[in-house]
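Structure, as structure tokens:
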Amino acid sequence: MHNVRESLPLLEATLPLSNWPDSSQLGRLSEGDTAAHPHSIHSDQSANDASGRVLALTGHPFLITDSGRRQIDAAELLAQYQALGDSFLATIEGRWALLLIDPQQERVLFANDRLGRQPLYYSESEGTLRVCTQLRPSLAPMQAPVLDEQSIYHFVYFHMIPAPGSAYKNVQKLRMAHRGEADRNGVRLTRYWIPKFTETRPGSRTRLKAALAETLRDSVRRAAHDHAKHKIGAFLSGGLDSSTVAGMLHEVQETGCDAYAIGFDAEGYDEMPYARITARHFGIRLHEYYVTPDDVVAAMPEISKAFEEPFGNSSALPAYFCARRAAADGVSVLLAGDGGDELFAGNERYAHQKLFEHYDQLPYFARHTLIEGLVKILPPQSGLSRKASSFLKQANTPLPARLQYYSFLEQNDATQVFLPEFLRAVDTAHPSALLDSIYHAPEDASSLNRMLFLDWQITLADNDLRKVSKACEMAGVEVRYPMLDDALVSLSTRIPSHWKLPRKALRDFYKQALKGWLPDATIKKSKHGFGLPFGVWMKTHSPLRDMAYEHALGPHNRSIFNPRFLEEAVARHREGHASYYGELVWLLAVLEFWLGAHEVAR
């Protein structure tokens with residue numbers, strides 16, 4: 001394992017809301033100084049004006065002007081605020097987080113970018129506001145961290161802790177495209193930007209496909225704009241998005257492209273052959289690494305502890321080894337392909353929902369009398385009866401709850417999983433309410449576009465971006481996401497739903513736009529991902545199995561889980577449910593590693 005590099009907060013502020021400072025009391029502070037100053041800011045850059053306003057900024061924000069797209073600094077953003085007021089937030093693109101202090105109005109404004117690429121945490125206690133790009137410093141000075149039961153429930157439900165919650169009580173994190181306004185009366189949150197999805201008059205299909213290909217190329221070019229300063233490489237799994245990013249990076253860099261791929265010596269998990277196809281097709285220099293069970297034993301504890309909150313996505317481990325391999329070659333920036341599935345409808349669950357939409361369009365008599373009547377007379381123990389009953393149950397569950405039908409806590413009784421005293425502090429209906437609030441936020445959007453928007457928050461901002469960003473941070477590499485370039489996001493909203501996903505053809509419009517440029521094998525391959533064969537390897541590799549079982553049973557003494565549930569999870573993995581219960585064992589072990597590394601009270 002490489003030594004994990006402790007990163008400094010990119011933005012950190014402590015601000016008593018009842019004692020307003022002037023600009024002379026605010027300024028850049030070195031690490032560790034904030035506790036000694038009642039009003040303090042630490043950030044990548046900051047600016048102030050004659051009225052005493054201060055704007056602290058981190059990231060790489062951009063503005064779109066008549067003359068093109070250009071990066072903007074803190075001073076220019078402050079001028080934007082002076083000219084436009086709070087609406088200036090909707091004009092900013094790129095990855096960023098900011099905090100603005102307006103002493104004249106006695107308020108603080110803090111916000112993050114449209115897609116939540118830059119996390120931002122905040123807490124308010126006894127009239128003091130803390131805002132930070134890291135979780136632990138967001139706690140009020142001298143305040144002991146207290147574990148939040150609702151968030152631990154969310155961790156088991158989602159395999160991560162979605163915004164706006166955090167692992168700790170009294171600390172929240174902003175959802176994407178949100179702003180917080182704080183004054184003497186506390187903190188109020190609002191969404192400052194939401195996409196407008198267009199379903200009509202998209203223009204010529206041929207022109208729009210050409211625009212997609214060109215926008216993709218421009219997005220990669222912008223992500224690699226400083227390639228003379230940095231050695232820039234790309235992740236390459238062999239899927240549509242990583243192949244697109246790597247192929248275009250190879251074209252826009254005079255030196256070509258170094259790409260990094262991870263393989264697994266486990267049947268059904270290894271996608272290295274597809275990465276090789278892409279590399280041969282474009283002439284990319286491919287660097288391969290095969291992760292082993294011993295690698296998992298060595299890295300799992302450190303990766304679990306490195307995340308600021310419990311994080312259960314097991315593909316963080318292969319992402320880390322990929323980034324580490326790139327860092328060893330002197331690569332300082334990696335381009336990742338995350339986002340394409342969520343922009344252009346590439347996940348199987350989107351197509352799966354079409355079956356239920358077709359069923360819902362049948363006449364009432366056909367659905368409730370004929371079909372449901374026939375299912376009731378089938379032998380209850382038959383496989384056909386179980387499948388038909390499951391289909392009807394899902395069909396009668398509205399979106400977005402239907403997307404979580406196979407979630408572990410939807411298929412299992414929470415009272416059997418958690419201890420009664422733990423569940424008394426939990427609202428088990430909250431995950432559904434959270435999903436509803438995001439799904440229904442866009443106006444006049446199709447069910448497909450609502451699902452995509454939901455995944456921008458839940459799958460990207462709360463999960464995949466946190467996973468890849470932390471893996472790269474641990475390896476000492478910066479990561480950029482060209483598939484989430486704002487221009488590409490905007491273009492995706494103009495593609496009609498029936499073009500993105502006609503019938504069951506995943507990513508249809510995207511594939512047509514790149515047909516003839518990407519390898520045919522890449523266009524035709526089925527969706528796979530970066531999955532880790534953790535459960536399979538535990539069956540045969542005793543050091544991995546022993547470590548995982550020990551830590552999966554570790555929460556016995558933490559007053560969270562029913563001990564019988566923990567023992568049953570391990571037993572069911574032993575009995576042969578390797579993949580499904582392997583993920584559950586991973587989840588429990590990760591939580592125990594994280595809790596053991598962080599002093600948290602309950």
Side-chain angles (χ1 to χ4, degrees), residues 1-2 155-156 158-160 235-239 241-242 260-275 288-307 310-326 334 336-338 341 347-348 408 459 463-475 479 526-552 569-570 572-573 576-594:
M1 285 287 295
H2 283 196
F155 170 73
V156 178
F158 294 107
H159 295 196
M160 50 76 184
F235 286 98
L236 181 57
S237 69
D241 297 320
S242 66
Y260 295 84
I262 290 296
F264 307 102
D265 187 13
E267 185 177 354
Y269 286 87
D270 187 29
E271 286 210 298
M272 191 68 79
Y274 286 100
E288 303 179 3
Y289 184 82
Y290 270 79
V291 174
T292 68
D294 286 329
D295 286 332
V296 181
V297 173
M300 183 181 177
E302 295 306 314
I303 289 176
S304 301
K305 297 170 187 177
F307 281 87
F311 188 78
N313 188 334
S314 61
S315 60
L317 193 143
Y320 163 72
F321 277 101
C322 207
R324 194 179 79 169
R325 177 71 176 82
L334 275 172
D338 299 85
D341 286 331
N347 289 319
E348 190 66 43
F408 183 81
T459 302
N463 197 331
D464 288 346
L465 302 189
R466 289 166 61 193
K467 171 194 72 181
V468 180
S469 295
K470 178 57 70 173
C472 287
E473 178 189 307
M474 291 182 67
V479 62
S526 59
K527 174 70 176 170
H528 191 280
F530 220 22
L532 179 73
F534 179 73
V536 175
W537 279 346
M538 274 198 298
K539 300 290 288 185
T540 58
H541 193 74
S542 57
L544 180 59
R545 181 174 60 248
D546 293 345
M547 179 187 73
Y549 284 177
E550 176 188 353
H551 285 83
V570 169
R572 292 204 176 187
H573 178 266
H577 302 274
S579 181
Y580 182 79
Y581 281 97
E583 281 299 305
L584 182 58
V585 170
W586 172 279
L587 196 71
L588 294 169
V590 161
L591 179 60
E592 177 59 21
F593 278 124
W594 190 89

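These numbers come from the heavy atoms of this one structure, side chains and all, not from hydrogens, waters or symmetry mates.
Atom-to-atom distance recorded for Ser237:OG and Met272:CE is 10.5 Å, nearest 0.5 angstrom. Note that NZ of Lys467 is 10.5 Å distant from SG of Cys472, once rounded to the nearest 0.5 Å. If you take CG on Asp295 and CG on Leu317, they are separated by 7.5 Å, rounding to the nearest 0.5 Å. How far CZ of Arg545 is from CD of Glu550: 13.5 Å, rounded to the nearest 0.5 Å. Between atom OH of residue Tyr269 and atom OG of residue Ser579 there is a gap of 3.5 Å, rounded to the nearest 0.5 Å.
Contact annotation: the side chain of Phe235 never approaches that of Pro318 to less than 4.5 Å [non-hydrogen atoms, C-beta and beyond]. Using a 4.5 Å cut-off on side-chain heavy atoms (C-beta onward), Tyr320 and Lys470 make no contact. Contact annotation: the side chain of Asp241 never approaches that of Asp338 to less than 4.5 Å [non-hydrogen atoms, C-beta and beyond]. Residues Asp265 and Thr292 form no side-chain contact, since every pair of their non-hydrogen atoms from C-beta on lies 4.5 Å or further apart. Val570 is not listed as a side-chain neighbour of Tyr581, based on a closest heavy-atom distance of 4.5 Å or more.
More than 12 heavy atoms of other residues, nucleotides or ligands sit less than 6.0 Å from atom CG of Asp294.
A parallel orientation is assigned to the rings of His551 and Phe593, their planes being inclined by less than 30° (bins at 30° and 60°). Between Tyr289 and Phe321, the two ring planes are parallel [angle under 30°; tilted spans 30° to 60°].
Across all non-hydrogen atoms, the minimal contact from Ala316 to Ile303 is CB-CG2, 4.3 Å. Considering every non-hydrogen atom in both Met547 and Val296, the closest pair reads CE-O, 4.2 Å. The shortest heavy-atom contact between Leu532 and Glu583 is O-OE2, 4.4 Å. Shown here for Ala261 and Ala275, the closest heavy-atom pair between the two residues is CB-CB, 3.9 Å. Contact detail for Val297 and Pro543: the closest heavy-atom pair is CG2-C, 4.0 Å.
Looking only at distances, no side-chain donor or acceptor of His159 sits under 3.5 Å from a matching main-chain atom of Phe311. For the pair Lys539 (side chain) and His573 (backbone), a donor-acceptor distance under 3.5 Å is present. No side-chain donor-acceptor contact under 3.5 Å links Trp537 to the backbone of Leu544.
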Evaluate side-chain contact (heavy atoms from CB on, under 4.5 Å) for Met538 paired with Tyr549, printing each intermediate quantity in order. CA-CA 9 Å; Met538 274 198 298; Tyr549 284 177; 4.2 Å; yes

Evaluation steps, side-chain contact (heavy atoms from CB on, under 4.5 Å), between Glu271 and Phe264: CA-CA 8 Å; Glu271 286 210 298; Phe264 307 102; over 6 Å; no

Would Tyr290 and Asp270 count as a side chain to side chain donor-acceptor pair (under 3.5 Å) if you check the C-alpha gap in whole Å, the side-chain angles of each, and the deciding distance to 0.1 Å? CA-CA 9 Å; Tyr290 270 79; Asp270 187 29; 2.8 Å; yes

Check step by step if side-chain contact (heavy atoms from CB on, under 4.5 Å) holds for Tyr580 and Leu584. CA-CA 7 Å; Tyr580 182 79; Leu584 182 58; 5.9 Å; no

Apply side-chain contact (heavy atoms from CB on, under 4.5 Å) to the pair Ser315 and Phe534, showing each step before the final yes or no. CA-CA 10 Å; Ser315 60; Phe534 179 73; over 6 Å; no

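When Asp464, Asn313, Leu587, Asn463 are each tested for a side-chain contact (heavy atoms from CB on, under 4.5 Å) with Met160, only one passes: Asn463.
With sequence neighbours left out, the side chain to side chain donor-acceptor pair (under 3.5 Å) criterion links Tyr274 to no other residue. For Arg325, the side-chain contact (heavy atoms from CB on, under 4.5 Å) criterion is met by Tyr260, His287, Asp329, not counting sequence neighbours.
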